[in-house]
Amino acid sequence: MWLPHLLVDRHPGVPPEPSNRHDGQVPELPEVESVRRQLAPRLTGRRIIAVEVTPQARFVRVGECAGRRIEAVGRRGKYLLLPLEGGRELVMHLGMTGSLRFDAPDPYVRATFALDQGTLHFRDVRRFGRLAVVEAGDYAAIPTLASLGPEPLSEDFRPEGLHAALRRSRMAVKPFLLSQRPVAGVGNIYADEALWRARINPHARRIGRDRAAALWAGIRDVLAEAIEREGTTFRDYRMVNGESGRFADFLLVYGQAGRPCARCATPLTKVVLGGRGTTYCPACQRR
DNA sequence: CTAACTACCTGAACGC
DNA sequence: TGCGTTCAGGTAGTTA
C-alpha cells in the first residue's frame with residue numbers, strides 16, 4: 001500500500017526499504033490530494049531558504065524557489081501547485097514513486113527544500129517525478145497540465161461534458177481517460193475501477209449518454225471514496241497497528257486478475273491496452 | 001490537430 | 001546461489 005510519508009521518522013537511523021513495487025501504489029488524484037492536505041498547514045506561509053537538487057532533466061528552474069514565500073498549496077489532477085511570492089509557481093508531480101517528507105533524508109532524495117521552519121525532501125526512487133518553477137499560471141512547458149480536463153469532484157465535471165468529450169475522441173475509452181483530457185487525475189488504477197463500476201469495456205469507443213453518465217458517477221464515486229480511505233489509512237498509520245487497514249479490499253478490479261468479479265463471480269481478465277495493464281470483467285463489461 | 005508509439009527509470013520478480 | 005530478462009507505469013517528445 002502506498003502511504004505519503006509525511007509524518008515524523010518512525011525508525012530513526014534505520015534505512016528505508018528500497019522496494020518500489022510493494023511499498024508503492026502509484027499516486028493518483030486521491031493520494032495527491034491527501035498529500036496536499038498534509039502539506040498545506042506545514043508549508044503555507046513558509047519561506048524557502050534554499051533548494052538543493054540532483055541534476056536531472058525533469059527538474060526545471062527549481063532554483064528560482066529560493067528566497068520566496070509559499071502562498072498556498074493547491075492541486076490540479078495529479079499536480080501539486082504552490083504559488084510563490086513574486087508571481088512564480090512551483091509545480092510538483094510525484095510520478096510513480098515520488099513522496100514528500102519532513103523526516104530524515106535517504107539516498108533516494110532527489111531534491112531538498114530548506115524552509116524557515118523545517119526541511120522538505122522530495123524522494124523519488126524511479127525519478128519519474130517532475131519539479132518546475134513557472135510564471136504563475138503559465139503551464140506552456142507542462143503540456144498535460146496545460147490541457148488538463150476538469151477536476152472530477154468539481155461542478156466543472158458534468159455528465160454531458162464527459163459524454164461530449166467521449167464522442168469527440170476516437171480513442172478507446174480507457175487510454176482516453178489516462179490522457180487527462182476528459183477529466184483530471186484518473187490514472188491506471190482508478191480508470192479500471194471506474195470502468196468496472198460503470199460496466200464499460202475499456203476498449204469501447206462509442207459510449208452513449210447513459211453509459212457516459214454512469215462513467216461520470218463511477219469516476220466521482222471511486223475518487224471520493226479513495227480520498228476518504230486515505231484518511232482512514234493515515235489514522236491507522238499513526239496508530240502503528242501494522243495492518244493495512246480496509247484499503248486491501250477497496251480495489252475490486254485493479255490487481256485482481258483471475259479473481260472472481262465482485263458482481264457476477266466471473267474471473268477477471270487482464271490485457272494490455274495502450275501499453276498499460278488493464279483488468280476488467282469479461283461478462284459485465286462486455287463491448 | 002489527433003492518435004499511436006517510444007523513451008525515460010529503477011528494483012522486484014521471474015526463469016534457468 | 002547467481003545472473004540475465006521482464007515488468008510496472010505517467011508523462012513528454014516524436015512520428016505518421
Side-chain angles (χ1 to χ4, degrees), chain A residues 1-2 4 15-33 35 53-62 75-81 91-100 106-111 122-132 134 138-149 152 164-195 202-207 219 223 226 251 253-258 270-280:
Chain A
M1 171 185 344
W2 180 87
E17 301 165 37
S19 156
N20 64 57
R21 178 165 297 188
H22 293 295
D23 81 343
Q25 175 180 320
V26 175
E28 300 187 25
L29 185 149
E31 291 76 24
V32 179
E33 174 60 17
V35 170
V53 300
T54 62
Q56 48 194 291
R58 290 184 174 90
F59 293 165
V60 177
R61 292 171 56 185
V62 183
R75 179 193 58 74
R76 274 284 279 133
K78 306 173 197 173
Y79 293 86
L80 289 166
L81 304 178
V91 179
M92 306 199 286
H93 194 293
L94 300 178
M96 297 182 58
T97 55
S99 62
L100 291 158
D106 65 46
Y108 299 109
V109 167
R110 314 300 186 189
F122 179 69
R123 180 180 189 266
D124 187 11
V125 172
R126 280 193 194 164
R127 303 177 190 259
F128 271 32
R130 290 165 196 270
L131 300 176
V134 300
D138 176 10
Y139 305 134
I142 308 164
T144 301
L145 180 55
S147 59
L148 196 63
L166 289 165
R167 228 175 1 184
R168 282 192 297 270
S169 168
R170 265 164 284 192
M171 301 172 69
V173 59
K174 181 177 172 184
F176 187 49
L177 289 175
L178 295 184
S179 77
Q180 307 298 299
R181 278 176 282 147
V183 60
V186 176
N188 203 42
I189 295 167
Y190 295 111
D192 279 3
E193 297 294 324
L195 288 166
H203 301 87
R205 291 174 194 268
R206 300 170 64 88
I207 293 176
I219 291 167
L223 293 178
L251 297 178
V253 186
Y254 180 83
Q256 309 295 317
K270 181 169 183 180
V271 298
V272 175
L273 174 55
R276 295 292 171 255
T278 298
T279 307
Y280 66 100

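Since we're looking at a predicted model, the values are computed, not measured. Just so you know, these numbers use all the heavy atoms, side chains as well, and skip hydrogens, waters and symmetry mates. Reminder, nothing fancy here: chain letters follow the sequence lines and each chain counts from 1.
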Round to the nearest Å and state the distance from [X] atom [atom1] to [N] atom [atom2].
X       : N       : atom1 : atom2 : value
E31(A)  : dG9(C)  : CD    : P     : 14 Å
L273(A) : dA3(B)  : CG    : C1'   : 13 Å
F176(A) : dA3(B)  : CZ    : C1'   : 11 Å
R130(A) : dC9(B)  : CZ    : P     : 10 Å
L94(A)  : dT11(C) : CG    : P     : 10 Å
D106(A) : dT10(B) : CG    : C1'   : 14 Å
E28(A)  : dA8(C)  : CD    : P     : 16 Å
D192(A) : dG10(C) : CG    : P     : 10 Å

| request: Find out whether the Lys NZ or Arg CZ of R181(A) is both under 6.0 angstrom from the six-membered ring centre of F176(A) and within 45° of the ring's axis. | output: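 Output no; distance or angle outside limits.
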| Using a cut-off of 4.0 Å on non-hydrogen atoms, how would the nucleic acid contact of S169(A) be classed: base, sugar-phosphate, or nothing? |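 Result for S169(A) = sugar-phosphate.
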| request: Tell me what G129(A) touches on the nucleic acid: a base, only sugar-phosphate, or nothing, going by heavy atoms under 4.0 Å. | output: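 Touches nothing.
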If you only use heavy atoms from C-beta on, which nucleotide in [options] is closest to the side chain of [X]?
X       : options                  : result
K270(A) : dG10(C), dA8(C), dT10(B) : dA8(C)
M171(A) : dT11(C), dG11(B), dA4(B) : dA4(B)
R276(A) : dA3(B), dG13(C), dG9(C)  : dG9(C)

| query | Checking R58(A) side chain against R127(A) main chain: does a donor-acceptor pair fall under 3.5 Å? | reply |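 Yes, the answer is positive, given that a donor and an acceptor are paired below the 3.5 Å cut-off.
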| message | So does Q256(A) get a backbone contact from the side chain of T279(A), meaning a donor-acceptor N/O pair under 3.5 Å? | response |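 A pair under 3.5 Å: no.
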| task | State whether the distance check finds a donor on one side and an acceptor on the other, under 3.5 Å, for side chain R58(A) versus base dC8(B). | result |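 Side chain to base: pair found, below 3.5 Å.
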Taking only side-chain nitrogens and oxygens of [X], does any of them come within less than 4.0 Å of OP1 or OP2 of [N]?
X       : N       : result
R126(A) : dT11(C) : no
Y254(A) : dG9(C)  : yes
H93(A)  : dG10(C) : no
Q180(A) : dG10(C) : no
Y79(A)  : dG10(C) : no

| field | Spatial distance of atom CE (M92(A)) from atom CZ (R130(A)) [nearest 0.5 Å] | value |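 Rounded to the nearest 0.5 Å, the CE-CZ separation comes out at 15.0 Å.
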| field | R127(A) or G274(A), whichever maps to the more 5' nucleotide of DNA chain B | value |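 Upstream on the strand: G274(A).
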| Residue of the set R75(A), R76(A), K78(A) for which salt bridge (Lys or Arg N to Asp or Glu O under 4.0 Å) holds with E33(A) |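 Testing each of R75(A), R76(A), K78(A) against E33(A), the sole residue satisfying salt bridge (Lys or Arg N to Asp or Glu O under 4.0 Å) is R75(A).
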